[in-house]
2 protein chains.
Amino acid sequence: MPETDNTEARILEAAKQVFYRKGLDGARMQEIADEAGINKAMLHYYFRTKEKLFDKIFLEALGKILPKIATTLGSDAPLAEKFDVISGYYHDLLLSTPYLPVFVVQTLQHNPDRLLQFIITQSGINPAETFGKFLMQIQQEVALGNIRPIDPRHLVLNLISMCVFPFMMRPMFIRIIGMKDEAFEAFVNERRHLVPQLIMQSIQPDQPPPD
Amino acid sequence: MPETDNTEARILEAAKQVFYRKGLDGARMQEIADEAGINKAMLHYYFRTKEKLFDKIFLEALGKILPKIATTLGSDAPLAEKFDVISGYYHDLLLSTPYLPVFVVQTLQHNPDRLLQFIITQSGINPAETFGKFLMQIQQEVALGNIRPIDPRHLVLNLISMCVFPFMMRPMFIRIIGMKDEAFEAFVNERRHLVPQLIMQSIQPDQPPPD
DNA sequence: GTCTATATGTTGATAGAC
DNA sequence: GTCTATCAACATATAGAC
């Protein structure tokens with residue numbers, strides 16, 4: 001079945017499956033070809049080298065996790081809504097793509113320079129600017145007495161940590177606790193709202209503000 | 001220099017460096033030999049295969065992260081002290097061994113069965129038992145009105161997430177924020193006490209208990 | 001125990017027919 | 001565009017001298 005465009009899409013989907021689970025070093029071109037139901041030579045016909053195919057997959061992966069947090073933090077929404085949006089987004093994403101976070105961190109541990117590649121091509125996002133806007137929002141809320149003073153870097157890192165890390169621990173977690181897959185998914189769905197609540201609670205001032 | 005015992009130790013140290021950074025698939029026996037300052041054939045003389053050498057390193061890595069949390073949670077110490085101990089332990093560990101957590105999660109994502117190997121040999125720890133003891137402590141504190149009702153699984157996962165995840169994000173984090181290594185280490189050292197404080201705060205009851 | 005040289009298998013990549 | 005057959009490079013592992 002000579003289907004030009006469809007074949008490329010099937011290769012990309014197969015490569016995603018294999019690369020996400022095994023990483024660049026562990027993945028085999030033969031396995032990707034099998035998963036795509038085509039021949040190994042086709043992979044090189046469409047993407048020349050394993051590295052080029054991998055780059056496509058990895059840059060797409062970064063595109064799923066980096067821009068969302070930047071745009072959300074830089075928006076005009078109230079703090080509580082931002083935390084809800086971010087938590088909901090990552091829980092949805094990682095319930096459907098569980099291997100994504102380990103794939104990304106392992107790739108960047110092996111070769112941190114791959115990140116630059118993404119930042120250059122995605123010139124749309126400016127970390128310093130969007131984060132600066134979020135910083136101003138924090139300072140305003142502090143000045144109004146709505147929240148206690150806090151380093152926004154810790155705040156964001158706490159939020160992302162509690163959303164993402166459980167999925168990285170999943171293989172270990174379910175085996176130690178003795179949990180089935182469905183139970184784990186119900187468990188992390190509880191966290192979807194629990195985590196932003198905890199974050200909001202952590203920035204409440206000691207005395208409640210006067211009405 | 002024919003030094004029997006010393007050579008084995010140097011191989012293990014070199015293997016740790018290379019495996020931690022690149023994982024099983026990315027590591028090369030030649031690179032381990034170079035790092036150890038010996039010949040490639042010596043690796044096989046001491047450890048037969050790459051897999052057997054890797055197992056030694058991986059099981060040691062699990063031994064650094066799993067037993068500590070189990071014994072601490074199962075102890076008789078008060079809750080706040082347990083959180084302090086765990087946070088301090090992981091921050092010390094990961095400041096000196098930054099590649100450890102990604103190494104472990106990537107290994108278990110590639111091959112989850114490796115965990116069983118550890119649990120079988122380390123028959124000393126019983127997750128259900130130690131965790132059950134921690135559960136009872138939580139229930140007692142709830143009954144006394146000292147803390148609000150909470151699922152201890154979420155509680156522990158939140159604690160570990162906020163301690164470990166920042167080190168996994170380190171390569172990405174420092175490049176996006178534009179942070180130097182020393183600044184990052186100062187940053188996570190702030191978290192050493194900040195995280196257990198946040199955890200304790202998250203379980204405080206809505207109304208303070210009567211004196 | 002330590003080394004050099006080599007065997008053996010695997011993998012990414014290409015050549016060429018259809 | 002798609003396939004089969006094959007190449008060339010590399011990596012693990014072993015043989016054998018010292």
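Lettering of chains follows the sequences in order, A, B, ..., and the numbering in each one begins at 1. These values consider heavy atoms only, across backbone and side chains, with no hydrogens, waters or symmetry-generated copies.
In summary, the side chains of B/His91 and B/Arg191 do not present any donor paired with an acceptor at a separation below 3.5 Å, with no hydrogens or angles considered. For the residue pair B/Asp34 / B/Gln30, a side-chain donor-acceptor distance below 3.5 Å is found, with atom types taken as modelled. Checking A/Glu13 against A/Gln17 by side-chain atom types alone, a donor-acceptor pair falls below 3.5 Å. A/Gln109 and B/Lys22 share no donor-acceptor pair across their side chains, judged by distance under 3.5 Å alone. Neither side chain, B/Arg21 nor A/His110, offers a donor N or O lying under 3.5 Å from an acceptor on the other.
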Under 4.0 Å protein heavy-atom contacts per nucleotide of nucleotides 9-14 of chain C, with B for base, S for backbone only and - for none: --SBBB
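Scanning for side chain to side chain donor-acceptor pair (under 3.5 Å) contacts around B/Glu182 gives an empty result, with sequence neighbours left out.
Distance, B/Ile32 CD1 to D/dT12 C1': 12 Å, rounded to whole Å. Atom OH of B/Tyr46 is separated from atom P of D/dT14 by 17 Å (rounded to the nearest Å). If you measure from atom CZ of B/Phe54 to atom P of D/dA11, you get 18 Å, rounded to the nearest angstrom. Put simply, CD1 on B/Ile38 is 8 Å from P on C/dT2, counting in whole angstrom units. If you take CG of B/Leu53 and C1' of D/dA13, they are 14 Å apart, rounded to a whole angstrom.
For residues 11-23 of chain B, proximity to DNA chain D is found at no residue, defined as any non-hydrogen atom under 4.0 angstrom from a strand atom.
Between A/Glu31 and A/Lys40 there is no salt bridge, since no side-chain nitrogen of the basic residue lies less than 4.0 Å from a carboxylate oxygen of the acidic one.
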Derivation and outcome, side-chain hydrogen bond (donor to acceptor under 3.5 Å, both in side chains), residues A/Gln137 and A/Glu141: CA-CA 6 Å; A/Gln137 183 180 23; A/Glu141 296 289 340; 5.1 Å; no
